Structures are given as structure tokens and as C-alpha cells.
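Contents: one structure, followed by commentary.
Proteins get letters first, then strands, A, B, ... in listed order; numbering begins at 1 in each. These numbers come from a predicted model, not from an experiment.
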Amino acid sequence: MSLQAPRGTRDILAPESARLRALVDAFATAAELGGYGQVHSPMFEQIEVFQRVGEATDIVSKEMYQFRDPGDRHLALRPELTASLARAFVQHRPALPWKAWYEGPQFRYEKPQAGRFRQFNQVGAELFGSDDPQADVDVIALAWRFCTGLGLGQLRLVVNSLGDRADREAYLAALAAYFEERAGELSAQGRETLSRNPLRLLDSKRPADRAVTSGAPDIEDYWSPAAAEHFAAVLAGLEALGIPFERNPRLVRGLDYYRRTAFELASDALDGAQDAVGGGGRYDGLVADLGGPDVPGVGFALGVDRLLLACDAEGTFPAPPGAAEVFVVDVTGGRQASLLAEELRRAGIRVERAFDGRSMKAQMKAADRSGARWALLVGADELAGGVVSLRRMRGHEAAEAPESVQSRIPRGGVVEELARLLAEGAAEGSGS
RNA sequence: UUGACCGUAGCUCAGUUGGUUAGAGCGCCGGGUUGUGGUCCCGGAGGUCGGGGGUUCAAAUCCCCUCGGUCCGCCCA
């Protein structure tokens, strides 16, 4: 155990990696169905990209991996992707509205825990250039459609509005005043949070602080008429689409740039502190903060690792079958297995074979474990006769007549015959 | 940064108050006569007991440090 993956990171090996890719594929399909195009952005950015976006947020102030490159540039591994996308928007100025989706790892220096890693994967989408409440709905609908498409049923959509910039500032001031007055009742940690960002305190799970926060001023009382109207339109839009939600005036998100709409997807199937699978909101003003035009935006990100945990908990979205379709057993040295396997693979058939000249029994065992429905057997007899033995591997009783299970076919017709059998099997499989 | 618990074979775990060559199940490899899987039987490989230091005649077992994991808190994905 001398060398291992750094703390908070892990290797994702074969069956699980296929599942992760399938999840990303499903998201790509959902997003592109909605007119979002994929963006690849760098894993690291000039550190200012993130700093300008949220000095007071934890992920920027204390969780960033930062470094200087050999050219003395001050860089940071991306702790989130909305800022990267906003930077890309400013740099390229695409036509509006710009709808982008993304996927990939992000990095935060935190204490690892179940469902929380220092390198973790997210999928997400952003819509730049519209302040229409229907844009908010478009984005939320994508997240919802994708998650329910995975088979997740125990998911709650929690929504809130943080008002416009001025509303938010007025509210923040009122909140700070309220908490200052009662600082004595707060826990030591609570007071620390207060000095950093009073909004954070609303989320607090500490019982002592809860008592204080329950009487705190309500954001709704600080909404401007425009913000209130916007939020009402978003809720009406969700209702029209039949997307269930619950309102929570205490929902503030971890990132400071949110304006108006904020939302979170939480899973009741996940226990413990990490029940949020994703969240997002509107961030009007962010693009301007990065030196671009005053273009509004709304988006979200979902934690891939948490989504998969939620899928586990609900017993949905299993790993896709990676099984071979055909296994070539060759006891004449292995060259025939190479030839047959390659021929079949060039025809698009998933083929496995054994190495190291193992015994027929061993190769048959391997064939069984591979999950292949068909085995091709090549021995001295077959080789001499220009044939191969074709054996059905699964779904038959031991008592069945041997000739219905195994037969010899001409060597030259192997690809055609297997293609036919597999197509037949697929048709049957889809019918049942 | 602080707290609690945990760390024995590839995996899941036993291992009595410190006491001989550290075990099981699963998995893996081989065998059960001539070239045939899934069941069964037999055999085998595989472990610096996370790492380092200390106490002791003797440490997987006790103490300290360290690394990693889990939980809480914090926060989020």
C-alpha cells in the first residue's frame, strides 16, 4: 500500500465506469434534446475567474487547489463550472440565447466523506442571455427530466428566490442586524458563520442556531415587485409542466452569485448530510462581473457521484451489460482465436477469448463467466475439417439434446451465422 | 482546523485475558483420465495483520505518531 490515489480521489474501474459513462450519455441526450450544446472548458483557469465570482464562498475562499505554473501564472483547478462557462461566454460572445451543457471533474479541497470527494464529477447546463422566467423553467425542466429518466423517484425539488441585487443586499443587512442582536444566543461556530456570511446561517443544522434562525426576517418581504413577479412566473411554469416542487424561503445556495431563482434537488433516498444531488439558479450580473456585457444567465449542476448513490439507494439505473456476445475457445494454440475474434470484432460483434494456452475446461469456464451467449470452439478436428463448433451457452437445461446445443458450421460462414443469431436474440430480447 | 469509530488474503469478515507455522466464506488457479461451462468433490496459490516507533521473554492484540476510510459538525455535489 505504498502508493495510492491521493486522499479524496479514487479510481473508477470497469463495471462502475461504464455506468458513469452511461449516466453522462443520458444527460447528453436530455440536454441536446433541449437544444443545449456541449462545451469543453479547461480543468484550470486563471484564479481570478473564480475569485471574482465569490470571495465569500467557501469553495473559493478556502477550498481551491491553486498553483503557479512554470510561467508564474496564478492558476486554480476549477472548483465549479458556472464561472468557467461565464468566462467562455465573455471570451467568445456566442449568439443569444446561448445554451450550453458540460460534464467533467471539479476539484475542492475538503474533508472527504461518503459522496464527497476532492475530485468529483458533475453534469450541468447553463442558459445565457435571457431573463425570461421560462428560461428558468427550461433549465429546471431539463434537470428534472433527466433525473426522473434515471428512475429516481424520491427526489425533491426545492425552490426559492433570493430577489434582485438590491433586494438581496437589503435583506442581508436586515439579516445581519437581526443576528447581531442575538449573537449571544448563537453557537461559537454560528457567530463565525455570521461574520463571514449571514446568509449561510439560515442553512445551519445546529439546534442552538436553529432557534435563532426560525425568527429571522423572511426574504419574501424584501423582494422587489419585479423579482416577485419573476418568481411567480417560474412557479407557474413548473406547475404547467407538472413538475412538483416545494418552496423553502430558507434555501440559500453556497455560491454568492445567485439572484432571483435558486433551487436544489435533494434525494430522500440518501441519508446523512449529503442528500443534495444538485442545484442551481439564476446569476444575472455574473457575466458583467467577469468583464462581459450585462447578460443574464440561469443554470444548474448535478453531482454525478451523488446521483449514482441515489440510484443505488433506489435500485435503479444499473450498470449496462458489458458482457461479451461471443467467446472463442481455441485449444490449438490461440492463433485461431485471434483470427476469429478479429473477424467478428470487425463485424461489430463483442468477442472475448482466452490467452496462455489454457485447457478447454478452463476456457469453457472463462466463456461462461464472460456472459457470452455463444461459444465458438476450435480444436484439432475443427481445424482439420475447416469448421468450428458453435455452442449455445445460456438458457438451456443440461438435459437438452446435445445436438440442439452444439453444432458444427463452416469456418467461412461464422460471421454471417453469428450476426444472424445475435439479431434473432436481440429481437426476442426486446419482445419480452 | 477539532471530535468519534474503524483499517487482518482480491472481496466480506473471524482471531478468546498479549502466547507456537494468522483462519473461514466467496473469488482466483489446477485436478476429478480420451477435447466441453454453469452443480458437486479434491487440491493449490495468495497476507510487510495500513505504515513507523515504543512497552514486553513474547504484539494482529497494549501505548504514541502517521496514512487512509466512515460518521458527526461545517459545507456542499
Side-chain angles (χ1 to χ4, degrees), chain A residues 1-10 13 57-63 79-82 104-124 143 187-190 192-193 196-197 199-209 251-255 264-267 270-280 300-310 327 329-332 354 356 358-383 389-398 402 405-406:
Chain A
M1 231 28 129
S2 49
L3 291 177
Q4 49 189 312
R7 180 158 207 213
T9 71
R10 71 262 161 83
L13 305 183
T57 68
D58 287 354
I59 67 171
V60 170
S61 61
K62 53 184 196 194
E63 295 174 9
E80 60 126 1
L81 265 161
T82 301
Q106 283 140 84
F107 309 85
R108 296 179 194 172
Y109 190 82
E110 279 192 286
K111 197 164 165 181
Q113 228 173 82
R116 178 150 75 204
F117 304 93
R118 289 182 172 176
Q119 175 177 335
F120 60 99
N121 294 294
Q122 285 190 336
V123 295
S187 65
Q189 261 184 325
E192 202 184 302
T193 307
R196 263 206 334 275
N197 186 345
L199 272 181
R200 288 268 75 72
L201 219 40
L202 289 177
D203 280 353
S204 176
K205 291 178 190 122
R206 285 177 299 261
D209 298 340
L251 175 74
V252 298
R253 300 274 312 156
L255 295 155
E264 194 166 280
L265 284 161
S267 170
L270 293 179
D271 38 40
Q274 279 82 243
D275 68 339
V277 299
F300 69 88
L302 300 168
V304 169
D305 314 291
R306 296 239 181 118
L307 280 170
L308 288 175
L309 283 178
F327 195 103
V329 171
D330 174 11
V331 289
T332 68
D356 302 313
R358 306 226 277 146
S359 70
M360 168 152 286
K361 178 171 181 162
Q363 292 192 49
M364 286 303 294
K365 278 188 147 181
D368 185 53
R369 274 193 304 262
S370 77
R373 301 243 292 255
W374 301 95
L376 287 175
L377 285 67
V378 183
D381 291 356
E382 286 88 346
L383 194 53
S389 291
L390 174 64
R391 182 178 177 83
R392 250 194 312 147
M393 289 302 282
R394 305 176 94 65
H396 61 77
E397 301 299 321
V405 173
Q406 186 168 328

Counting the atoms with a prime plus P, OP1 and OP2 as sugar-phosphate, which does [X] contact under 4.0 Å by heavy atoms, base, sugar-phosphate, or nothing?
X: A:G115; result: base
X: A:K361; result: base
X: A:E382; result: base
X: A:V331; result: nothing
X: A:G8; result: sugar-phosphate
X: A:D381; result: base
X: A:L307; result: nothing
X: A:A362; result: sugar-phosphate
X: A:Q106; result: nothing
X: A:A114; result: sugar-phosphate

Figure out the [atom1]/[atom2] separation between [X] and [N], and round it to whole Å.
X: A:K365; N: B:rG30; atom1: NZ; atom2: P; answer: 8 Å
X: A:R116; N: B:rC72; atom1: CZ; atom2: P; answer: 10 Å
X: A:L377; N: B:rU36; atom1: CG; atom2: P; answer: 10 Å
X: A:L265; N: B:rA77; atom1: CG; atom2: C1'; answer: 11 Å
X: A:Y109; N: B:rC76; atom1: OH; atom2: C1'; answer: 17 Å
X: A:R118; N: B:rC67; atom1: CZ; atom2: P; answer: 11 Å
X: A:M360; N: B:rU34; atom1: CE; atom2: P; answer: 12 Å
X: A:L270; N: B:rA77; atom1: CG; atom2: P; answer: 14 Å

RNA chain B: A:Q122 or A:V378, which has the more 5' nearest nucleotide? A:V378
Residue met sooner reading RNA chain B from 5', once A:V252 and A:P6 are mapped to nucleotides: A:P6
Name the closest nucleotide to the [X] side chain, picking from [options].
X: A:E63; options: B:rC75, B:rC71, B:rG31; answer: B:rC75
X: A:R369; options: B:rC74, B:rG37, B:rC29; answer: B:rC29
X: A:D275; options: B:rG68, B:rC76, B:rC71; answer: B:rC76
X: A:M364; options: B:rG69, B:rC76, B:rU36; answer: B:rU36
X: A:P112; options: B:rG69, B:rC76, B:rC74; answer: B:rG69
X: A:D368; options: B:rC76, B:rG38, B:rC72; answer: B:rG38

Is any side-chain heavy atom of [Y] closer than 4.5 Å to one of [X]?
X: A:R108; Y: A:R118; value: no
X: A:F120; Y: A:Q106; value: yes
X: A:E264; Y: A:L251; value: yes
X: A:V378; Y: A:V329; value: no

Taking atom [atom1] in both [N] and [M], compute the distance separating them and give it to the nearest angstrom.
N: B:rA60; M: B:rU16; atom1: C1'; value: 14 Å
N: B:rG10; M: B:rC75; atom1: C1'; value: 36 Å
N: B:rU66; M: B:rA59; atom1: P; value: 24 Å
N: B:rC49; M: B:rC13; atom1: C1'; value: 13 Å
N: B:rG44; M: B:rC5; atom1: P; value: 42 Å
N: B:rC28; M: B:rU12; atom1: C1'; value: 16 Å
N: B:rG15; M: B:rA24; atom1: P; value: 15 Å
N: B:rC41; M: B:rG46; atom1: P; value: 24 Å

Using a distance-only test with no angle check, is there a side-chain donor-acceptor pair under 3.5 angstrom linking A:E382 and A:S389? yes
Who pairs with [N] - Watson-Crick or G-U, where each distance is under 3.5 Å:
N: B:rU70; result: B:rA4
N: B:rA24; result: B:rU12
N: B:rC40; result: B:rG32

Distance criterion of 3.5 Å, no angle test: do you see the side chain of [X] paired donor-to-acceptor with the base of [N]?
X: A:Q4; N: B:rG50; answer: no
X: A:Q363; N: B:rG35; answer: no
X: A:K111; N: B:rU2; answer: yes
X: A:R108; N: B:rC76; answer: no

Looking at A:D330, is its backbone amide N or carbonyl O close enough to the side chain of A:Q363 to form a donor-acceptor pair, meaning the two atoms are under 3.5 Å apart?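 It does hold such a pair.
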Distance check: side-chain N/O of A:R358 vs OP1/OP2 of B:rG30, anything under 4.0 Å?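 Yes, such a contact exists.
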Passing candidate, side-chain contact (heavy atoms from CB on, under 4.5 Å) with A:D305, options A:R10, A:R116, A:Q119: A:R10
The reported gap from CZ in A:F107 to CD in A:E80 (rounded to nearest 0.5 angstrom) is 13.5 Å
In short, A:D275 meets A:L270 closest at the heavy-atom pair CB-O, 3.9 Å
